[in-house]
Amino acid sequence: MQKFKEFCKRKDVCPSAKLYFVDAMGAMALGLFATLLMGTILDTLGKQIGWALLCEVAGYAKACTGAALGVAIGHRLKAPPLVLLSGAVVGMLANDLPTVFTLSGAAKTLTAGPAGAFVVCIVAIELGKLVSKETPVDILVTPVVTILSGALIAQAVCPAISYGMYWLGYFINTATVMQPLVMGIIISVVVGVVLTLPISSAAICAMIGITGLAGGAATAGCCAQMVGFAVISFRENRWGGLVAQGLGTSMLQMGNIVKNPRIWIPATLASAITGPMATLLFKLQCVGVSAGMGTCGLVGPLGVLDAMNYSSAAWWGVLVVCILAPAVLSLVFAEVLRRIGWIQENDLKLEL
């Protein structure tokens, strides 16, 4: 057993919750952004301006989602070249493997999607790393082990994952329709907090297939975190911080949150208010990965506009729920906390 542990360490196979559920999931979010998300943006833009080429390119981008997930996860796990490239095959297979279920008396084809790709790619890539460069015919052995193990694991776990993700997403989406106030608060706060944590909210939203009002609440929560931190830290970080957090990520504040968790209160309280505003007042909708992106590159607002066919209600909802309300609410809450001494000068300072 000791020799095997030493062998795994030499192969850089060191399982940990941080590596898999923080680092690998963060890398997966980049894969989603570069394919599925960019494909959605290009498709939307192409339809709006009538440029067929953009829609065609968008189709290719979306089709490469699984492969990009495999490569992204492999790169984060420091996979050797043959394992990394084989991971593209594993990712596509796990992401797109169809499973037919009978639901409500009708046959329905489900895929495990990013959740399946996440699980299968991690296991297959780690196995591929173990055999990499261990034989004279590495160019054959490594891809075969990585791809075949990925295929077998996908056959074993993807049906269960696809079924579980379907019902989890169904529960969340249905519960939000039935209880828009309570679920609006819960989803907005939870997904917003996840966005600021070193975990991928976009990947999680894509995994569970969040949609409809639940997607709108998730978008509201993510926007509240990003816009909130951007505006309440303006006095410390000025315009650079406003852009970096408002259009980049509120994750930049994690170091400061660890030092003083109270700085998280304004944006989180704002998300608890904007969530039900999204579900009850403006009835905002969003789908999948876009719902977990917030104002990063304006992906969240664009996702809402696209899901609601650019209606006037969508435009007003985006303006109020995604930008104005979180900015004003966060500033008010932050000022109260500054006055009582819970937030001190430079608590929100970033090293930009």
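Note that the numbering runs from 1 along the sequence shown for the chain.
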Peer 1: Would you indicate whether the side-chain heavy atoms of Thr268 and Gln225 approach each other to under 4.5 Å?
Peer 2: yes

Peer 1: Taking side chain as C-beta onward, heavy atoms only, is Cys222 less than 4.5 Å from Val191?
Peer 2: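 SC-SC contact between Cys222 and Val191 confirmed.
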
Peer 1: Do Val289 and Val194 land in one hydrophobic cluster if side-chain heavy atoms of ILVMFWY residues count as linked below 4.5 Å?
Peer 2: yes

Peer 1: Taking all atoms of both residues into account, what is the closest heavy-atom pair of Pro114 and Asn95, and its distance?
Peer 2: N-OD1, 3.2 Å

Peer 1: Consider side-chain contact (heavy atoms from CB on, under 4.5 Å). Of Ile185, Leu281, Ile186, which one does Pro276 pass it with?
Peer 2: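 Result for side-chain contact (heavy atoms from CB on, under 4.5 Å) with Pro276: Ile185.
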
Peer 1: Taking all non-hydrogen atoms of both residues, which atom of Ile161 and which atom of Ala112 are closest, and how far apart?
Peer 2: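 Looking at all heavy atoms of both residues, the closest pair is CG2-CB, 4.0 Å.
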
Peer 1: Locate the shortest heavy-atom distance separating Val320 from Pro326; write the atom from each residue and the value.
Peer 2: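 Shortest heavy-atom contact: O-CD, 3.7 Å.
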
Peer 1: Do the side chains of Ile204 and Ile73 join up, straight or via other hydrophobic residues, at under 4.5 Å, putting them in one cluster?
Peer 2: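 In one cluster: yes.
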
Peer 1: Looking only at atom types and distance, does a side-chain atom of Ser16 sit under 3.5 Å from a main-chain N or O of Leu19, one as donor and one as acceptor?
Peer 2: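 Answer holds: yes.
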
Peer 1: Under the side-chain contact (heavy atoms from CB on, under 4.5 Å) rule, what do Thr146 and Leu127 come out as? Steps first, then yes or no, please.
Peer 2: CA-CA 7 Å; Thr146 306; Leu127 290 175; over 6 Å; no

Peer 1: Minimum heavy-atom separation for Ala214 to Asn173, with atom names?
Peer 2: CB-OD1, 3.4 Å

Peer 1: Between atom CD of Gln179 and atom CG of Leu213, what is the distance when rounded to the nearest 0.5 Å?
Peer 2: 12.5 Å

Peer 1: To the nearest 0.5 Å, what is the distance between OG on Ser290 and CD1 on Ile210?
Peer 2: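 Going from OG on Ser290 over to CD1 on Ile210, the span is 11.5 Å.
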
Peer 1: Are the side chains of Ile273 and Phe333 in touch, meaning some heavy atoms are under 4.5 Å apart?
Peer 2: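 A side-chain contact under 4.5 Å exists here.
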
Peer 1: Nearest 0.5 Å, what's the CG-CZ distance between Asn256 and Arg262?
Peer 2: 15.0 Å

Peer 1: Going by salt bridge (Lys or Arg N to Asp or Glu O under 4.0 Å), name the pairs with one or both residues in residues 143-170, residues two or more places apart or in two chains.
Peer 2: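 Matches after skipping sequence neighbours: none remain.
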
Peer 1: To the nearest 0.5 Å, what is the distance between CD1 on Ile232 and OG on Ser330?
Peer 2: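 Ile232 atom CD1 to Ser330 atom OG measures 6.0 Å (nearest 0.5 Å).
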
Peer 1: Are Met226 and Leu298 connected in the hydrophobic side-chain network, where two residues link if heavy atoms are under 4.5 Å apart?
Peer 2: no

Peer 1: Is Phe118 reachable from Leu168 through a run of hydrophobic residues whose side-chain heavy atoms are each under 4.5 Å from the next?
Peer 2: yes

Peer 1: Any donor and acceptor pair, going by atom type alone, linking the side chain of Ser311 with main-chain N or O of Ala314 inside 3.5 Å?
Peer 2: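 Yes.
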
Peer 1: Is Val120 close to Cys158 at the side-chain level, that is, under 4.5 Å between some pair of heavy atoms?
Peer 2: yes

Peer 1: With under 30° as parallel and over 60° as perpendicular, where do the rings of Trp315 and Tyr310 fit, or are they tilted in between?
Peer 2: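 Aromatic pair Trp315/Tyr310 classed tilted.
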
Peer 1: Which residues satisfy the side chain to side chain contact (heavy atoms under 4.5 Å, CB included) test with Ala278, sequence neighbours excluded?
Peer 2: Ala220, Leu284, Val321

Peer 1: I'd like to check Met254 versus Leu197 (side-chain heavy atoms, cut-off strictly below 4.5 Å). Are they in contact?
Peer 2: yes

Peer 1: Would you mind telling me which of Asp347, Asn237, Val258 makes a side-chain contact (heavy atoms from CB on, under 4.5 Å) with Gln253?
Peer 2: Asn237

Peer 1: Are there over 12 heavy-atom neighbours, none belonging to Ile340, within less than 6.0 Å of that residue's CD1?
Peer 2: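 It does: Ile340 CD1 has more than 12 such atoms within range.
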
Peer 1: State plainly whether the residues Glu56 and Lys62 are in salt-bridge range, i.e. N to O under 4.0 Å.
Peer 2: no

Peer 1: Give the minimum heavy-atom separation between Ser271 and Ser188, together with the two atoms involved.
Peer 2: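 Minimum heavy-atom separation between Ser271 and Ser188: O-OG, 2.7 Å.
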
Peer 1: Could you tell me if the side chain of Met25 sits less than 4.5 Å from the side chain of Tyr20, heavy atoms only?
Peer 2: no

Peer 1: Students often mix this up, so state it plainly: with edges at 30° and 60°, are the rings of Tyr166 and Tyr170 parallel, tilted or perpendicular?
Peer 2: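 Answer is parallel, since the angle falls under 30°.
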
Peer 1: Could you tabulate the donor-acceptor pairs under 3.5 Å formed by side-chain atoms of residues 75-92, not counting sequence neighbours?
Peer 2:
from  : atom 1 : to    : atom 2 : distance (Å)
Arg76 : NH2    : Asp23 : OD2    : 3.1
Ser86 : OG     : Leu82 : O      : 2.7

Peer 1: To the closest 0.5 Å, what do you measure between CD (Glu6) and NZ (Lys11)?
Peer 2: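 Between atom CD of Glu6 and atom NZ of Lys11 there are 14.5 Å.
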
Peer 1: Using 0.5 Å steps for rounding, measure from the CH2 atom of Trp167 to the OG1 atom of Thr174.
Peer 2: 8.5 Å

Peer 1: Report yes or no: do Ser250 and Gln245 form a side-chain donor-acceptor pair below 3.5 Å?
Peer 2: no

Peer 1: If we only count heavy atoms from C-beta on, is the Met165 to Ile208 side-chain gap below 4.5 Å?
Peer 2: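 Side-chain contact under 4.5 Å: yes.
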
Peer 1: Write down the atom of Cys322, the atom of Cys223, and the distance for their closest heavy-atom approach.
Peer 2: O-CB, 3.5 Å

Peer 1: Can you tell me if CZ on Arg339 sees more than 12 non-hydrogen neighbours from other groups inside 6.0 Å?
Peer 2: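 No.
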
Peer 1: Quick check: are there more than 12 heavy atoms from other residues, nucleotides or ligands sitting under 6.0 Å from CZ of Phe171?
Peer 2: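 Counting other residues, nucleotides and ligands, CZ of Phe171 stays at 12 neighbours or fewer.
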
Peer 1: Run Arg338 and Glu236 through salt bridge (charged side-chain N to carboxylate O under 4.0 Å, His left out) and show every step you take.
Peer 2: CA-CA 13 Å; Arg338 288 182 189 274; Glu236 288 94 352; 3.4 Å; yes

Peer 1: Less than 4.5 Å apart, any side-chain heavy atom of Leu181 and any of Leu280?
Peer 2: yes

